[in-house]
Amino acid sequence: MGFIRLLIGLPLLIVVLVFAFVNNDLVEFNLWPFYVEITVSQSVAIVAFILLGYIWGKISSWMAYAPLRAQLRKQKKENKKLNKEQQKLTEQVSGLQENIEALKTQTAELMPPKPTFKERLKNLFKRKEKETL
């Protein structure tokens, strides 16, 4: 974006400055409600009006984007709030995972160990002893 602005703006600025400095006659400006007359060089007047138009455009664009900037500030606040909530939830989840691991170790200690496959095969073919009364 900056390159395109430079590509368009620099030749335009050169043309305006050349036009302003070639027209070097004196011009008289009457400021109507105040009855003030100002005599200046035409080149100074052209540059002053261009500068005034540039400043006016910057101010109007700044004012036009004010609602967007306000909305961005609001979204940043909301993002910070949501990030804090996400951190709290992440901490809760990690705490719950630790509890699950602790419960797994407790149940593993309480329950007898499962027989291995080899032990199961032995028990399958093992004769059952008769109980005597």
Side-chain angles (χ1 to χ4, degrees):
M1 184 70 177
F3 178 72
I4 294 174
R5 182 181 295 170
L6 184 68
L7 190 66
I8 295 171
L10 193 60
L12 185 63
L13 180 66
I14 290 171
V15 168
V16 167
L17 289 177
V18 167
F19 175 76
F21 290 116
V22 167
N23 295 314
N24 207 11
D25 297 333
L26 292 177
V27 178
E28 187 175 294
F29 288 100
N30 294 325
L31 302 175
W32 169 68
F34 304 111
Y35 300 108
V36 176
E37 291 184 5
I38 299 174
T39 303
V40 294
S41 172
Q42 194 173 14
S43 62
V44 172
I46 291 171
V47 171
F49 285 130
I50 298 257
L51 186 62
L52 184 66
Y54 176 77
I55 292 170
W56 180 263
K58 286 292 185 179
I59 290 173
S60 71
S61 68
W62 182 74
M63 301 267 288
Y65 284 108
L68 180 64
R69 288 191 310 273
Q71 188 177 12
L72 286 174
R73 283 191 301 271
K74 182 180 174 185
Q75 285 180 352
K76 282 183 181 179
K77 285 181 184 179
E78 189 173 334
N79 283 344
K80 285 182 181 180
K81 179 182 168 187
L82 290 174
N83 282 339
K84 287 180 183 178
E85 186 176 341
Q86 181 186 13
Q87 287 176 350
K88 287 179 185 177
L89 291 173
T90 304
E91 290 171 2
Q92 286 179 355
V93 166
S94 65
L96 290 174
Q97 286 176 343
E98 290 172 3
N99 288 344
I100 288 173
E101 293 299 321
L103 287 173
K104 283 182 181 179
T105 56
Q106 285 178 357
T107 54
E109 290 172 359
L110 294 176
M111 300 203 44
K114 288 185 176 181
T116 63
F117 183 71
K118 192 174 183 181
E119 290 173 354
R120 285 184 188 171
L121 281 177
K122 278 185 183 178
N123 289 337
L124 261 176
F125 298 109
K126 192 177 191 183
R127 289 188 179 188
K128 294 183 182 179
E129 296 180 12
K130 293 183 182 179
E131 293 181 14
T132 57
L133 291 175

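These numbers come from the heavy atoms of this one structure, side chains and all, not from hydrogens, waters or symmetry mates. Count residues from 1 along the sequence. Note that the structure is predicted; figures quoted are calculated from it, not measured.
- The number of heavy atoms from other shown groups lying within 6.0 Å of CD (Gln75) is above 12.
- Gln97 has its side chain within reach of Val93: a pair of non-hydrogen atoms, C-beta onward, lies under 4.5 Å apart.
- Phe49 and Leu31 fall within a single hydrophobic cluster, where Ile, Leu, Val, Met, Phe, Trp and Tyr side chains are chained together by heavy-atom contacts under 4.5 Å.
- Other residues, nucleotides and ligands contribute only 12 or fewer heavy atoms inside 6.0 Å of the CZ atom of Phe19.
- Separation of atoms CG (Leu7) and CG (Leu12) is listed at 11.5 Å; rounding is to 0.5 Å.
- Cluster annotation: Val36 and Val40 are assigned to the same hydrophobic cluster (Ile/Leu/Val/Met/Phe/Trp/Tyr, side-chain heavy-atom contacts under 4.5 Å, transitive).
- Residues Trp62 and Leu51 are members of one and the same hydrophobic cluster, defined by side-chain heavy-atom contacts under 4.5 angstrom among Ile, Leu, Val, Met, Phe, Trp and Tyr.
- How far CG of Leu26 is from OG of Ser41: 6.5 Å, rounded to the nearest 0.5 Å.
- The local environment of CZ in Arg5 is sparse, with at most 12 non-hydrogen atoms from other residues, nucleotides or ligands closer than 6.0 Å.
- Once rounded to the nearest 0.5 Å, the distance linking CG of Asn79 with NZ of Lys77 reads 12.5 Å.
- For the atom pair OG1 of Thr90 and CD of Glu85, the computed distance is 10.5 Å after rounding to the nearest 0.5 Å.
- No chain of hydrophobic side-chain contacts below 4.5 Å, direct or via other Ile, Leu, Val, Met, Phe, Trp or Tyr residues, connects Val16 to Leu13.
- We find the CD-CG distance between Glu101 and Asn99 to be 10.0 Å, quoted to the nearest 0.5 Å.
- Nearest heavy-atom pair, Met63 versus Pro67, reported as atom, atom and distance to 0.1 Å: O-CD, 4.0 Å.
- Closest heavy-atom contact between Ala20 and Ser43: O-CB, 2.6 Å.
- Atom CG of Leu121 and atom CD of Glu119 lie 10.5 Å apart (nearest 0.5 Å).
- No continuous path of ILVMFWY side-chain contacts below 4.5 Å connects Ile4 to Leu10, so the two sit in separate hydrophobic clusters.
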